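All values derive from a computational prediction rather than experimental measurement.
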Amino acid sequence: MTKKLRDFLFLLAFLTLLPIPQRYLGAEPTFGSLYMLSIVGFIRGLFAVTPMLLSALLHINAPYVEAFSVVAMHYIIQGFIHADGFIDFSEAVLAHRFGADASKVVKDRFRGSYAIAVFTLFSLWLYSTMLQAIHLSADLWVATKIVLVAETWSPVSMAVVAYICREPPDGLGKLFKKGLRISDMVGAFLISALITYVTFLSIQTGSAISILVLLALAISAYTTSVLGMKTLGYANGDVLGFANELSYATILTALALGAALWL
């Protein structure tokens, strides 16, 4: 097996619940060929949009159920790995304001009131944004494409944040940072842009969407980087999970609100 294929299978096994045999992954976790983050994101997106595809094929009009199902599939297909990081780091940010040791908070396995409150609000954000995308587009196929694009681009934010922030002292965040190259980020951006254009089959629409996505990605990555450096001083695995989730929600919101302009 080539190294690139092994790298891809490791990313797929680490970032999804897809059953990849252990013999293809190696004995130790290693991050390589990180430009393929976009491809993994697109694969996750295919699972996330399954409820909408079924509704469209069966001609079922159930936007509230569809919105809930897409949000649920977004969490399920990733094995809640990014959601866990989002929750841990959110709690650390809020607890840090009152003098708590942020590094201990992110490692605490017991969720506090901050974690519950933040995850509830975030889930409502995703749910309401999905409804907005469905209603504004007035076409499940378009809403499906919006989700696919958001899922494709969101893992790229992890690479951006890891590149900007300092290396953590240990953990998967350290391994991720060590395996990241500037060429990986360039490749991830190019692959994501290509997927965006192919998904919408329009240069004009693809260009408008790409601009919205890049603005949303820049805002979410910058916000995450500032919070990570201020709270922990580096970007560990929880910060990267936070980056993925925040960028997903931000990109989804930008595309849902911008739908009226480019449809």
Side-chain angles (χ1 to χ4, degrees), residues 15 37-38 40-42 44-45 48-49 67 70-75 77-78 80-90 93-94 117-137 142-165 185 188-189 191-193 195-196 199-200 205-231 235 238-262:
L15 298 176
L37 283 169
S38 302
V40 175
F42 180 75
R44 291 194 317 203
V49 300
V70 171
V71 173
M73 285 300 296
H74 167 73
Y75 290 135
I77 189 57
Q78 61 168 260
F80 289 86
I81 183 173
H82 297 310
D84 179 70
F86 180 87
I87 292 169
D88 285 344
F89 183 60
S90 297
V93 170
L94 293 174
V118 170
F119 189 62
T120 300
L121 288 175
F122 184 73
S123 296
L124 288 173
W125 178 10
L126 289 183
Y127 176 74
S128 59
T129 303
M130 273 310 311
L131 278 178
Q132 183 78 358
I134 293 170
H135 286 307
L136 271 183
S137 66
V142 175
T144 296
K145 293 175 182 179
I146 289 175
V147 175
L148 277 175
V149 169
E151 291 279 7
T152 297
W153 282 92
S154 57
V156 180
S157 65
M158 296 194 297
V160 174
V161 171
Y163 186 80
I164 294 174
C165 294
M185 287 201 295
F189 273 91
I191 293 172
S192 298
I195 290 174
T196 301
T199 299
F200 282 90
T205 302
S207 298
I209 291 173
S210 295
I211 291 173
L212 285 174
V213 167
L214 289 174
L215 287 173
L217 185 66
I219 292 171
S220 59
Y222 175 77
T223 301
T224 304
S225 299
V226 170
L227 290 174
M229 293 302 295
K230 182 178 180 181
T231 306
D238 291 318
V239 176
L240 299 184
F242 182 94
N244 183 92
E245 291 302 289
L246 182 61
S247 65
Y248 176 69
T250 306
I251 292 170
L252 202 62
T253 302
L255 295 183
L257 295 179
L261 298 177
W262 48 262

Open item on the list: Show, in sequence, the C-alpha distance, side-chain angles and deciding distance for Ser247 and Ser220, and conclude whether the side chain to side chain donor-acceptor pair (under 3.5 Å) test is met.
Closed with: CA-CA 5 Å; Ser247 65; Ser220 59; 4.6 Å; no
Taking all non-hydrogen atoms of both residues into account, name the closest pair between [X] and [Y] and its distance.
X: Val156; Y: Ser192; result: CG2-OG, 3.5 Å
X: Ser210; Y: Thr196; result: OG-CG2, 4.0 Å
X: Leu240; Y: Met158; result: O-CG, 3.2 Å
X: Ala48; Y: Met73; result: CA-CB, 3.7 Å
X: Ser38; Y: Ala188; result: OG-O, 2.9 Å
X: Ala150; Y: Leu252; result: CB-CD1, 3.9 Å

Open item on the list: Would you say OH of Tyr163 has more than 12 non-hydrogen atoms from neighbouring residues, nucleotides or ligands within 6.0 angstrom?
Closed with: no
Task: Residues Tyr127, Leu131; criterion side-chain contact (heavy atoms from CB on, under 4.5 Å); working and verdict - done: CA-CA 6 Å; Tyr127 176 74; Leu131 278 178; 3.6 Å; yes
Just how far is it from atom [atom1] of [X] to atom [atom2] of [Y], taken to the nearest 0.5 Å?
X: Thr129; Y: Leu257; atom1: OG1; atom2: CG; result: 7.5 Å
X: Ile164; Y: Ser157; atom1: CD1; atom2: OG; result: 10.5 Å
X: Leu227; Y: Cys165; atom1: CG; atom2: SG; result: 9.5 Å
X: Tyr75; Y: Phe86; atom1: OH; atom2: CZ; result: 7.5 Å
X: Ile134; Y: Thr144; atom1: CD1; atom2: OG1; result: 8.0 Å
X: Thr250; Y: Leu255; atom1: OG1; atom2: CG; result: 11.0 Å

- [ ] Kindly determine whether Val149 and Ile195 satisfy side-chain contact (heavy atoms from CB on, under 4.5 Å), including the steps that lead there.
- [x] CA-CA 8 Å; Val149 169; Ile195 290 174; 5.9 Å; no
Do [X] and [Y] come close enough that some side-chain heavy atom pair is under 4.5 Å?
X: Ile191; Y: Phe42; result: no
X: Leu94; Y: Val118; result: yes
X: Val93; Y: Phe89; result: yes
X: Leu15; Y: Leu37; result: yes
X: Val49; Y: Leu148; result: yes
X: Leu126; Y: Tyr248; result: yes

Task: Side-chain donor/acceptor of Ser154 to backbone N/O of Glu151, under 3.5 Å - done: yes
Task: Ring centers of Phe189, Trp153 separated by less than 6.0 Å - done: yes
- [ ] Would you confirm whether the ring centroid of Phe80 sits within less than 6.0 angstrom of the ring centroid of Phe119?
- [x] no
- [ ] Walk me through it: do Thr223 and Leu246 pass the test side-chain contact (heavy atoms from CB on, under 4.5 Å)?
- [x] CA-CA 9 Å; Thr223 301; Leu246 182 61; 4.2 Å; yes
Task: Of Arg44, His74, Glu245, the residue whose pairing with His82 passes side chain to side chain donor-acceptor pair (under 3.5 Å) - done: Arg44
